[in-house]
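Shown next, in structure tokens, is the structure this report addresses.
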Amino acid sequence: MNNSSGFTKNKSLSYSIHYDCENEIISLSGKLHLMQREKAFHEILSWFDLVISKEPPRVLLDVSELDYLNSLGISIIAKFVIRARDKKSIHVAVKASKKITWQTKSLVNLKRIMPSLEFVFTDP
Amino acid sequence: MATKYDFNPREFLEPLQSQDGFSEANFLLNYQLLKTEYDKNGLLIHRFSFGEIALQFLKIIYVSYLDKDLLAEAEIRQSVDYIANELLENSIKYSDLTATKIKLEINVATQYITVSSTNLISENRRNIFLDYIREIRYSDPSELYIKQLEQSLNDNDKSGLGLLSIIHDYKAEISWKFTSTAHDFKVLSCVIVQLPINSI
């Protein structure tokens with residue numbers, strides 16, 4: 001990608017994806033049902049690829065306002081976490097919300113594939 | 001830490017008994033139209049919430065029980081949304097091309113919310129499902145789940161995580177029922193997910 005930062009807001013499908021390349025923050029919000037041949041899917045993958053290739057010391061994935069994500073979406077986050085883990089030099093933090101079910105039920109399992117994964121919850 | 005999930009593999013392949021159903025919503029969806037829409041825009045999850053229907057049914061059963069607990073309400077809505085959308089997506093993806101309908105059912109009773117999806121599949125697809133069911137039956141779901149996470153996206157065109165996450169993360173039971181049809185190579189497939197309300 002020429003431009004390493006970007007913002008996509010799909011009003012009709014009610015999600016937005018934001019990548020802040022200076023601070024290495026990837027934010028997803030709204031409701032996202034990913035499909036493999038979809039633009040959002042490739043966009044997220046290419047940002048994940050970019051972050052991994054830059055090998056920053058720390059990256060934050062902010063999903064605290066992502067109310068819905070399907071299993072394919074969880075899979076691509078898992079893939080990202082595995083690739084970051086394999087690089088050994090990238091610290092990954094996830095900003096999550098306890099009010100969002102897929103995060104308390106599924107996302108937290110990613111700690112089992114990357115024990116150093118840091119969870120920052122926005123609510124008590 | 002791996003949490004051992006306790007389930008009885010013998011119960012797979014058998015339909016779950018309907019539990020003194022209180023309220024049930026059945027959606028008979030036009031497969032061809034849904035498939036066209038899905039190929040174009042995906043599942044329109046922001047327009048329609050199956051979880052909201054389940055939640056409203058549950059509120060009828062437990063009047064005022066949930067009123068003060070917004071977190072529990074959100075959890076019920078979001079859990080059923082996740083499960084129903086995963087089942088519906090599988091039905092759209094794996095239906096036989098000659099299929100005309102997909103039936104999605106939501107049954108809310110005192111102990112369980114049951115979500116099921118029925119659609120026509122090819123015999124070949126049934127065999128793929130049977131292999132998958134065998135794999136789940138003879139594995140520790142927790143180990144299988146981690147294995148699946150590790151292999152995320154290595155398989156083209158499937159994440160493989162949907163049904164496993166329903167079993168592992170939502171502590172729901174899944175069963176399958178295959179019914180032969182008048183056509184030799186077509187089978188009616190019904191996937192039933194039973195979500196215990198006390199696990200929410």
Side-chain angles (χ1 to χ4, degrees), chain A residues 9-16 29-42 44-45 48-49 66-86 97-115 117 121 123-124, chain B residues 1-3 38-49 51 70-90 92-93 142-143 145-166 168-172 199-200:
Chain A
K9 193 172 175 77
N10 188 324
K11 265 193 178 167
S12 64
L13 295 178
S14 71
Y15 65 79
S16 72
S29 63
K31 291 183 174 187
L32 194 49
H33 190 103
L34 286 175
M35 300 194 301
Q36 291 211 320
R37 50 191 163 57
E38 200 179 33
K39 185 178 163 238
F41 179 82
H42 293 288
I44 294 170
L45 270 191
F48 282 171
D49 282 348
L66 186 62
D67 293 333
Y68 171 91
L69 185 68
N70 62 332
S71 62
L72 184 64
I74 296 167
S75 289
I76 73 167
I77 293 180
K79 184 80 178 172
F80 170 68
V81 165
I82 289 163
R83 293 184 61 201
R85 176 195 69 188
D86 293 347
S97 165
K98 286 182 180 163
K99 289 178 183 151
I100 302 176
T101 307
W102 72 268
Q103 300 182 13
T104 56
K105 292 198 186 289
S106 299
L107 191 67
V108 290
N109 287 315
L110 295 183
K111 227 175 150 50
R112 287 167 63 189
I113 52 174
M114 186 184 192
L117 189 68
F121 285 99
D123 28 32
Chain B
M1 285 298 112
T3 354
Y38 173 79
D39 288 343
K40 209 168 132 199
N41 295 318
L43 274 190
L44 299 175
I45 43 115
H46 56 288
R47 279 200 207 153
F48 195 81
S49 167
L70 289 172
L71 186 62
E73 284 197 13
E75 208 165 322
I76 287 159
R77 187 190 307 109
Q78 292 175 16
S79 298
V80 175
D81 272 341
Y82 181 82
I83 292 167
N85 288 326
E86 291 290 328
L87 294 193
L88 187 58
E89 184 168 36
N90 281 348
I92 297 172
K93 282 202 305 208
S142 183
E143 278 170 24
Y145 182 85
I146 294 304
K147 194 175 129 198
Q148 201 66 253
L149 278 180
E150 288 278 356
Q151 291 175 351
S152 287
L153 305 187
N154 287 351
D155 273 347
N156 275 338
D157 197 37
K158 64 167 196 167
S159 77
L161 201 67
L163 294 177
L164 265 181
S165 64
I166 290 172
H168 183 272
D169 301 340
Y170 292 81
K171 308 289 179 249
S199 83
I200 299 176

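Note that this is a predicted model, so its numbers are computed, not measured.
- Between chain B and the residues L34(A), I82(A), L110(A), L69(A), the largest count of heavy-atom pairs under 4.5 Å involves I82(A).
- A donor-acceptor pair under 3.5 Å links the side-chain atoms of Q78(B) to the main chain of T101(A), judged by distance alone.
- Nearest heavy atoms, Y82(B) versus Y68(A): CA-CE1, 4.2 Å.
- Residues Y145(B) and S106(A) form a side-chain contact, since some pair of their non-hydrogen atoms from C-beta on lies under 4.5 Å apart.
- For the pair E150(B) and R112(A), the salt-bridge criterion is not met [side-chain N within less than 4.0 Å of a carboxylate O].
- Both the backbone and the side chain of Y38(B) come within contact range of chain A, each with at least one heavy atom under 4.5 Å from a heavy atom of that chain.
- Expressed to the nearest 0.5 Å, how far CD of E75(B) lies from NZ of K98(A) amounts to 12.5 Å.
- No side-chain heavy atom of L72(A) sits less than 4.5 Å from a side-chain heavy atom of E89(B).
- Of the inter-residue distances, the one linking I146(B) atom CD1 with N109(A) atom CG reads 6.0 Å to the nearest 0.5 angstrom.
- One finds the CG atom of D67(A) at 9.5 Å from the CZ atom of R77(B) (value rounded to the nearest 0.5 Å).
- In this model, no donor atom of one side chain and acceptor atom of the other lie less than 3.5 Å apart for N70(A) and N85(B).
- Proximity of W102(A) to D81(B): side-chain heavy atoms (C-beta onward) are nowhere separated by under 4.5 Å.
- Side-chain contact between K105(A) and S79(B): present, with at least one pair of heavy atoms (C-beta onward) separated by less than 4.5 Å.
- There is no contact between I77(A) and chain B, counting heavy-atom distances below 4.5 Å.
- Heavy atoms only, all atoms of each residue included: N41(B) and M35(A) are closest at C-CE, 4.5 Å.
- How far CG of N90(B) is from OG of S71(A): 7.5 Å, rounded to the nearest 0.5 Å.
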